Every structure is written in C-alpha cells, then in structure tokens.
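Here is how names work: the chains are called A, B, and so on, in the same order as the sequence lines, proteins then strands, and each is numbered from 1. Everything quoted here is computed from the prediction, not taken from an experiment.
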2 protein chains.
Amino acid sequence: MVEQYTPPIDDVFHALSDGTRRSMLRALAAGDCTVGELAAPHPMSLAAASKHIKVLEKAGLIRREIEGRTHWCRLQAAPLAAAHSELGFYEQFWTGRLDTLDRLLREDDARKARDIAPTKPQAPEGDRQ
Amino acid sequence: MVEQYTPPIDDVFHALSDGTRRSMLRALAAGDCTVGELAAPHPMSLAAASKHIKVLEKAGLIRREIEGRTHWCRLQAAPLAAAHSELGFYEQFWTGRLDTLDRLLREDDARKARDIAPTKPQAPEGDRQ
DNA sequence: GTTTTATTAAACCATATGGTTGAACAATAT
DNA sequence: ATATTGTTCAACCATATGGTTTAATAAAAC
C-alpha cells in the first residue's frame, strides 16, 4: 500500500494562518460537511470559500469525497499532529518561563549585591554562544 | 502593570509558515542571537532576513533588545502556547483515529451482514448533521 | 428533454509577500 | 575627525493571496 503523501509543514501552517480556514476545520471537527455547508457561515462568495477549501486540501487537512454533484469534506488531522509536535518543541519555553525568570532575577540580585558590571541578556538555557 | 499585547493567531501561524522563520526560532531556542547571527545561516540578503525578523516580532514570537548598534533577539514562546493549544483541540482526531476506523469498519461489516443499503461517510464522533 | 443545484474555472483586482539593491541611519572603532 | 560595523529603509520586482463576477461543468430533479 502506497504511503500517504505528507504535505510540507509550510502549507499546514499557511492553511492555519487564516481565520476562515480555521473556522472550517472546527466545523469539520463536528462532522463531515459539504462544500456548501462549509461556505455558508462565511460572508464571501462560494468561489472564495471554494478556494479556501482547496488550500486546506493542499495542506492535507481535509479530504473530499464526491457523491454526484455533492462534495463531502472530511477532516484529516495527521498534518495537525505534525504541526502540534513542531510547537511542542517549545513547550519548555512557555512552561519553564516563570522558573527561568525567577532564577534570572535571583542571579541578578546576587550580581547587584556583588556590584558586578552588567552582562548581556541570556537565554533560558544558558549564555549566548 | 500593563498586560502584554497578544498578537492575532493569524500572525503567529503566518510567521510559522516559512522555513526561514522556523529556523530562526530554533536558533533562538538555543540562546539569544543578534540580527546578524540569525541572518548568517540563510542564503539571502541581510535586508531579507531583517524582514523575516520583523514578521516574527509582529507575531510576538521574538523580542529585541538594542545595545548600541547591535540588536539582540530573544524567543518569546507565549504565542506558541496559544497556537499549540489551538492544535491540541484536534488531538482526539489523530490519536483516536485508529479506534474510530476500527469501530467504523466493524459497523460496516455488521451492516454488510444485514445487507443494508450503504449510507454516507461519517465523522469520527457521529453522523453528519 | 429542460431546469435546478452544487461546485469549480477563468479572468480580474487590490493587497501582501519575499526577495533584491542601494542608500540611510546609528553606534563603535580608529 | 573619518572609517567601519550593524541594521533598517526605500524602491523595485515577481509571485502569491484572497476576494469578486461571470461562465462553465457535473449531476440531480422534474
């Protein structure tokens, strides 16, 4: 069985950079929708909505199934897992933030007590290279 | 104390939709960098790299600190948490996928055994509305 | 058979994007 | 004081984007 095509993560993040497309994904999370159903809530022409659906399709975020003249769309979440994972890499930076800030502040206090010349700002995980 | 500005998630996902900018964020995860350091690995003009840094800044993903003529950049991960959370909403769809597929396949087998007419494809969490 | 519905294609438009080059600005080094 | 370094600005370019309208296509309904 041929492995599924993995779209570039550029396309995934690009697809997510528009509110209309994010809204369409939410709708699909509730269940499959036709193109018309996806377009209905958005104050734009059907052709414009159709273009958005094509962007989602190109990003691999939806798959369509055509039944007669009706195009059914289904959420394909796998590329979202990839994007989620990409962002997960930075989790240490938003969860560890308070610890790091606290440590930096304590180091700063100690430094001031020693009357040492100021040094450059540092990253959470150590000095600049 | 004034609350920090929260950039639109459009801007965050847009910032992430380019490989150069994702690469810059990775570099910043290793430690603060100057604009020149961020630009160095990328085969493009300094002005182009500077534009990318501005996009990251607009998305709230980095903050800069100017020391003389040197601009130091630091990762700001908070907007990534928001984006990560947005994607986390869909976790049930990529983790539950195999369970759902399995259940659908079993339902399909049962339906075939009863010789029922085929029905429309369904979302993981139930029928279409 | 015609009409209706669902949807896309094509052409157009305004704006945005991502790159370039050369100039300008700010600060440091000499 | 001038020269150098670090960086951005401005103008330009080609392409992409996101919307419109109109026409075309495909299939269902009558």
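- For the pair Asp10(A) CG and dA16(D) C1', the interatomic distance rounds to 13 Å; values are reported in whole Å.
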Polar atom pairs (N or O), protein with nucleotides 25-28 of chain C, under 3.5 Å:
unit_1: dA27(C); atom_1: N3; unit_2: Arg69(B); atom_2: NH1; d: 3.2
unit_1: dT28(C); atom_1: O4'; unit_2: Arg69(B); atom_2: NH1; d: 3.1
unit_1: dT28(C); atom_1: O2; unit_2: Arg69(B); atom_2: NH1; d: 3.4

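- Nearer the 5' end of DNA chain C, as judged by each residue's closest nucleotide, is the contact made by Arg64(A), out of Lys51(A) and Arg64(A).
- Computed from coordinates, the His14(B) NE2 to dT15(C) C1' distance equals 13 Å when rounded to whole Å.
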Fill in: salt bridge (charged side-chain N to carboxylate O under 4.0 Å, His left out) between Glu57(A) and Arg63(A), worked out
CA-CA 6 Å; Glu57(A) 200 169 14; Arg63(A) 188 183 68 243; over 6 Å; no
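- When side chains are defined from C-beta on, Leu16(A) counts as touching Leu87(B), because their heavy atoms get closer than 4.5 Å.
- Across the protein-nucleic acid pair, Phe13(A) atom CZ and dG18(C) atom P stand 15 Å apart, rounded to whole Å.
- If you measure from atom NZ of Lys54(B) to atom C1' of dG19(C), you get 17 Å, rounded to the nearest angstrom.
- A donor-acceptor pair under 3.5 Å is formed between the side chain of Thr95(A) and the backbone N or O of Glu91(A).
- Glu65(B) places no side-chain N or O within 3.5 Å of a backbone atom of Trp72(B) that could act as its donor or acceptor partner.
- Within residues 41-48 of chain B, the residues approaching DNA chain C are Met44(B), Ser45(B), Ala47(B), Ala48(B), by heavy-atom distance under 4.0 Å.
- Look at Ser50(A) and you won't find any side-chain N or O under 4.0 angstrom from OP1 or OP2 of dT7(C).
- Atom CD in Glu37(A) sits roughly 14 Å away from atom C1' in dT7(C) (whole-Å rounding).
- Rounded to an integer number of Å, the gap from CD of Glu65(A) to P of dA26(D) is 20 Å.
- In this structure the side chain of Phe13(A) never reaches within 4.5 angstrom of the side chain of Arg21(B), judged on heavy atoms.
- His84(B) and His84(A) share a side-chain donor-acceptor pair at under 3.5 Å.
- The two residues Tyr90(B) and Leu25(A) make their nearest non-hydrogen contact at OH-CB, 3.4 Å.
- In the hydrophobic clustering of ILVMFWY residues, with side-chain heavy atoms under 4.5 Å counting as a link, Ile62(A) and Val35(A) come out together.
- One atom, CG of Asp18(B), and another, P of dT15(D), lie 18 Å apart when rounded to the nearest Å.
- Inter-residue side-chain proximity for Gln76(A) and Leu61(A) is flagged as unmet; no heavy-atom pair is nearer than 4.5 Å.
- An OP1 or OP2 oxygen of dT8(D) is reached within less than 4.0 angstrom by a side-chain nitrogen or oxygen of His71(B).
- In the set dT7(D), dG18(C), dA9(C), the nucleotide with an atom closest to the side chain of Val35(B) is dT7(D).
- Here the C1' atom of nucleotide dG6(D) and the CD1 atom of Ile53(B) are 12 Å apart, to the nearest Å.
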